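Working notes, structure below.
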Amino acid sequence: MSERYDPQAIEARWQQRWLDEGTYQVDNDDPRPPFYVLSMYPYPSGPAHMGHVRNYTMGDLLVRYRTMRGDGVLSPIGFDSFGLPAENAAITTGTHPRINTEANIEALSASLRRIGAVYDWRRVVRSHDPSYMRWTQWIFLKFYEAGLVYRDTAPVNWCPGCQTVLANEQVLGDGTCERSGDLVERHDMEQWFYRITDYAQQLLDDMDTVDWPEKVKVMQRHWIGRSEGTEFGLAVADDDGNARTDVEPLKVFTTRPDTSFGITFAVISPEHPRVDELTTEDRRADVDAFRTSVAGRSEIDRMSTTGPLDKRGVVTGGRVVNPFTGRAIPVFLADYVLMTYGTGAIMAVPGQDQRDWDFAKAHGCDIVRTVQPPDDFDGDAYLGDGQAINSGFLDGMAVGEAKAAASDWLEAEGLGVRKVNYRLRDWLLSRQRYWGCPIPIIYCDSCGEQPVPVDQLPVELPDDVEFMPTGRSPLTTHDGFLTATCPSCDGPARRETDTMDTFVDSSWYFLRFTDPWNDEAPFSPDSAARWLPVDQYIGGVEHAILHLMYARFFTKALADLGVAPPGLREPFQRLFTQGMIRLGGTKMSKSKGNLVAPEPILDRQGADALRLAHLQVKPPQEDVDWEDFGIDGCAKFLARVWRLAAPGSDLWTGARAGDTTGADADIDRATHRLVARITDEYDRWSYNTAIAGFMEFTNTLYRYVQADDGPHTDTLDAAIDALLQVMAPAAPHLCAELWETRRGGHVHLEPWPEADPAKLVDDTVTMVIQVNGKVRDRVEVPADLDEAAAEALALASDKVLAALAGGAPRRVIVRAPKLVNVVV
RNA sequence: GCCCGGGUGGCGGAAUUGGCAGACGCGGAGGACUCAAAAUCCUCUGACCGAAAGGUCGUGCGGGUUCAAGUCCCGCCCCGGGCACCA
């Protein structure tokens, strides 16, 4: 054991021991209470960078802390190893994605071990392993059987750079691809979908049952976007403006049926199947031109445009009848009406909707108010509550009442029905790429679409492929892969060449971790029931919508299909979203090229100092600038602890035995307070203040050992033991080494220390004496001082007497024993 | 535009319930040790006035509630993030 703190001498040794001794392996029949800690499935882009370090340090702290608290902690790690970067690299360099990916996994694993993060490495899961792909495909087929998978032609977001389709969520607000930055185009293509919308209501309702940051819950709810309303038909008008009964009415969805008397026109999506039918001959040229102009534009682009509305719509010449007024109204086309939401057609009520108001102004439509605005209202459309006006049988009703009455009327007349709409859309999961999990489907000319039989899983990726600079998937030209036999008729057939979105892989990995050896099923329901839901999930807020939504959907669907336990409704009971690290004002990431590598710091100051710096710099949920990190301060602190705790320390020269003094008792109480404080701070993720607590306590001990009386050996030993124990989750190597030398054994297998409640209170406290709310004096008082005594003491204070100047106080507020406020 | 966060010393931050604003760290100053430096240890370090004792001001801005407000209420400003024509 060296005299000076030398992280290089101890860290590698302990990392190897935790690995060799399986300290953090846990079996499914472990007798301790189960606790599942999980950091989000990392994409292996190479060695860890500071963002990883922050994430995995927090997870590791919790794993070690819960273990000391007596739990059997499941701490698995795996790799989200499919995905575009590896394939793009293959296109540029010619190296097979598997080679790069597996090298990156090794590098990332080594980094994680070097920061002292501990896992049950027996349970490693990798998306591209055939043993994992097999079950990803198996689940696909299970969903396929259950009707949760379908294939459809859909207008999709095509990224020319990635040569693939993107989910709406993967297109940024400015219409570019989140990965490549290319401008996304619209194509019509056959694609595979997961029917996540079947679960929209459950996904919404069950948000109430999880302990997640409110911010994330709000984002999820907004994404699901439930709205209640009524769907009803607007009859198509004949030349005289009368409702035709020989054609289907035009269906619209509204959340404001109460305003229906104010419908003065209707707008349909340019993709609406009835555009041709509603367009009159004299308008056809304009309508077709408009449709062409809209067709090439991405949906994002269409929806984010803010231009003048006269350019964004066109009149069809067709008319429909407002069933409430019996009047015929014109039908328009507008780019902002989407075929994918509601019915693809809207009723327009300019009096109560600002966009409709603007559109009416631009196109010269009538405006009729149907809700009475307040007298001082000076806006255009009025969206607030008020009495219905110009609305026939609804007149005089408030909005809520009128909504119900209008819906009742529509239902009674057989014209419409109450309905719930969701913004959430089905999950487009197919990608036209090589480096992903193949979709296990075979196309047969005579039998059509056929699922690959389960005993033929997994459909593996061929290795002998060439990556084309166009980005086109090599699967589409690989005969060996393409050629298949129809499972029904044994005739020649063709294999599906699309692979799955990598979000599919990350939607069930947390279940596989519970039973990674299973080759009969993706996991057994019992293993899942034992560990799920994850007690603490940790990751970046950038996954607040997509990954979490998809994983929730998978969990619910798997439970409903009997693959997972039926009672498992949510995968992640508690979620913690940690902040990102910025460098030079922008998010630190490989794509931005502003990574800071941990290695030089690990070499110089060590893993414990780096971990401490990550924990100390800011509250864990907040973003942090790399410039604010204080590695040196943390390294210095660790050296101070070492100097204090290492046997033979020069700081112990004045130590004594025998009777204890008041100073010793103070240290003893401070020790118990430390334990109570750190326990509480760990529990509520206040890691930055916990580190401050270590430092404060260490400063206290330094003053104690250097005081004239010197420290009492027993008191100091107990204080140091407690410090090492509570610090062990944060600075595991140093604490393990010092503990082993001082006490023997593993500090991380010690039970968590308990504070004696009796020692958490001091005999005396400082009472603050205020005059008119300003601090004027402080006195040491017994902790059990009563109110009368506190008041008497305060009124006897020189400062108070001076302020009173012989008079009587107007009022005295006493909060014994902490504070007295004398009002004069 | 809407919805969330947030604004506290030179800097990162602390203050869990309305009760001593600025814990802890960084940075800075001084001292001890040393031939000297580094390292280490100790002390000080919000601003202003003052020789000092002490006082005044102070948590984005303006009001308010309260004996007492960083904390609660009302109205603004600024910064960060999310969603952006969802019918």
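Every chain is numbered from 1 and lettered A, B, ... according to where its sequence line falls, protein lines coming before strand lines. Computed from a predicted model, the values in this text were never measured in an experiment.
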Exercise. Give Arg226(A) one of three labels, base, sugar-phosphate or nothing, depending on what nucleic acid heavy atoms sit under 4.0 Å from its own.
Key: nothing
Quiz item: Among residues 685-701 of chain A, which contact RNA chain B at a heavy-atom distance under 4.0 Å?
Solution: Asn688(A), Thr689(A), Ala692(A), Met695(A), Glu696(A), Asn699(A)
Quiz prompt | Any strand: nucleotide that pairs with rU56(B) via Watson-Crick or wobble, under 3.5 Å | solution = rA47(B)
Practice problem: Mind calculating the distance between CG (Asn821(A)) and C1' (rA69(B)) to the nearest angstrom? | Solution: 13 Å
Exercise. Using the P atom on both, measure rG19(B) against rC72(B) and round to a whole Å.
Key: 11 Å
Quiz prompt | Minimum-distance nucleotide (side-chain atoms of Val218(A) versus rC3(B), rC67(B), rU56(B)) | solution = rC3(B)
Quiz item: Between Phe253(A) and Lys419(A), what is the shortest heavy-atom contact and its length?
Solution: CE1-O, 3.6 Å
Self-check item: Interatomic distance at C1', rG30(B) relative to rA23(B), whole Å
Solution: 23 Å
Self-check item: Given rC83(B), rU40(B), rC67(B), the nucleotide with the shortest approach to the side chain of Val823(A)
Solution: rC67(B)
Quiz item: Asp650(A) CG to rC42(B) P: how many Å, rounded?
Solution: 12 Å
Practice problem: Quick one: label Val775(A) by what it contacts on the DNA or RNA (base, sugar-phosphate, nothing), any heavy atom closer than 4.0 Å. | Solution: sugar-phosphate
Practice problem: May I ask you to say what Gly633(A) touches in the nucleic acid, namely base, sugar-phosphate or nothing, with a heavy-atom cut-off under 4.0 Å? | Solution: sugar-phosphate
Self-check item: Check: rC67(B) base within 3.5 Å donor-acceptor of Arg811(A) side chain
Solution: no
Self-check item: G-U wobble or Watson-Crick pairing nucleotide for rU16(B) (cut-off 3.5 Å, both distances)
Solution: none
Practice problem: May I have the step-by-step check of ring pair (Phe, Tyr, Trp, His ring centres under 6.0 Å) for Phe359(A) and Phe332(A), ending in yes or no? | Solution: CA-CA 10 Å; Phe359(A) 195 90; Phe332(A) 291 81; 5.2 Å; yes
Quiz item: Can you check whether Arg221(A) has a side-chain N or O nearer than 4.0 Å to OP1 or OP2 of rC83(B)?
Solution: no
Practice problem: Using both distances under 3.5 Å as the test, list the Watson-Crick or G-U wobble partner of rG30(B), or none. | Solution: rC42(B)
Exercise. Could you tell me whether a side-chain N or O of Ser269(A) sits under 3.5 Å from a main-chain N or O of Val337(A), the two making a donor and an acceptor?
Key: yes
Quiz item: Would you say the side-chain atoms of Gln352(A) and Thr370(A) include a donor-acceptor pair closer than 3.5 Å?
Solution: yes
Quiz prompt | Nucleotide rG5(B), atom C1' - distance to CE of Met219(A) in whole Å | solution = 12 Å
Practice problem: Ignoring hydrogens and angles, state whether a donor on the side chain of Thr255(A) or Ser227(A) is under 3.5 Å from an acceptor on the partner side chain. | Solution: no
Self-check item: Same-atom distance (C1') from rG46(B) to rU8(B), integer angstrom
Solution: 10 Å
Exercise. From the options rG55(B), rU16(B), rC83(B), select the nucleotide whose nearest atom is closest to the side chain of Arg776(A).
Key: rG55(B)
Quiz item: Can a donor-acceptor pair be found between the side chains of Glu780(A) and Thr766(A) at a distance below 3.5 Å?
Solution: yes
Quiz item: Who is the Watson-Crick or G-U wobble partner of rC11(B), with both distances under 3.5 Å?
Solution: rG25(B)
Quiz item: Considering every strand shown, what is the Watson-Crick or G-U wobble mate of rU66(B) when both distances are under 3.5 Å?
Solution: none
Practice problem: With syn defined as a glycosidic angle within 90° of 0 and anti as everything else, classify rG9(B). | Solution: syn
Quiz item: For rC83(B), does either OP1 or OP2 sit under 4.0 Å from a side-chain N or O belonging to Lys215(A)?
Solution: no
Self-check item: Value in whole Å for how far the P atom of rC4(B) lies from CH2 of Trp223(A)
Solution: 19 Å
Quiz item: Any chance the side chains of Arg815(A) and Asn821(A) put a donor and an acceptor closer than 3.5 Å?
Solution: no
Practice problem: Examine rC41(B): is either OP1 or OP2 under 4.0 Å from a nitrogen or oxygen in the side chain of Arg640(A)? Give yes or no. | Solution: yes
Quiz item: Over how many whole Å does the gap from Arg778(A) atom CZ to rG54(B) atom C1' extend?
Solution: 14 Å
Quiz prompt | Gap between atoms CG and C1', on Asn421(A) and rA87(B) respectively (whole Å) | solution = 9 Å
Exercise. By nearest nucleotide on RNA chain B, pick out whichever of Arg677(A) and Lys799(A) is the more 5' one.
Key: Arg677(A)
Quiz item: When all nucleic acid strands are considered with a 4.0 Å heavy-atom cut-off, which category describes Tyr702(A): base, sugar-phosphate, or nothing?
Solution: sugar-phosphate
Practice problem: Side-chain contact test, heavy atoms from C-beta onward, threshold under 4.5 Å: evaluate it for Val320(A) versus Phe265(A) and give yes or no. | Solution: no
Practice problem: Between rA51(B) and rC35(B), how far apart are the P atoms? Round to whole Å, please. | Solution: 40 Å
Quiz item: To the nearest angstrom, how far is Asp625(A) atom CG from rC79(B) atom C1'?
Solution: 13 Å
Exercise. Using the C1' atoms only, state how far rU43(B) lies from rG54(B), rounded to an integer number of Å.
Key: 22 Å
Quiz item: Regarding Gln770(A) and Arg776(A), is there a side-chain donor-to-acceptor distance under 3.5 Å anywhere?
Solution: no
Exercise. To the nearest Å, give me how far apart NZ (Lys636(A)) and P (rA39(B)) are.
Key: 9 Å
Practice problem: Examine the side chains of Gln616(A) and Tyr687(A) and answer whether a donor and an acceptor come within less than 3.5 Å of each other. | Solution: no
Quiz prompt | Below 4.0 Å: OP1/OP2 of rC42(B) and any side-chain N or O of Gln706(A) | solution = yes
Quiz item: When you compare rG58(B) with rG22(B), how far apart are their P atoms, in angstrom units rounded to a whole number?
Solution: 16 Å
Self-check item: Strand partner of rC83(B), provided both Watson-Crick or wobble distances fall under 3.5 Å
Solution: rG1(B)
Self-check item: Atom P, compared across rA32(B) and rC49(B): separation rounded to whole Å
Solution: 30 Å
Practice problem: Pick the P atom in rG9(B) and in rA14(B), then give their distance to the nearest Å. | Solution: 13 Å
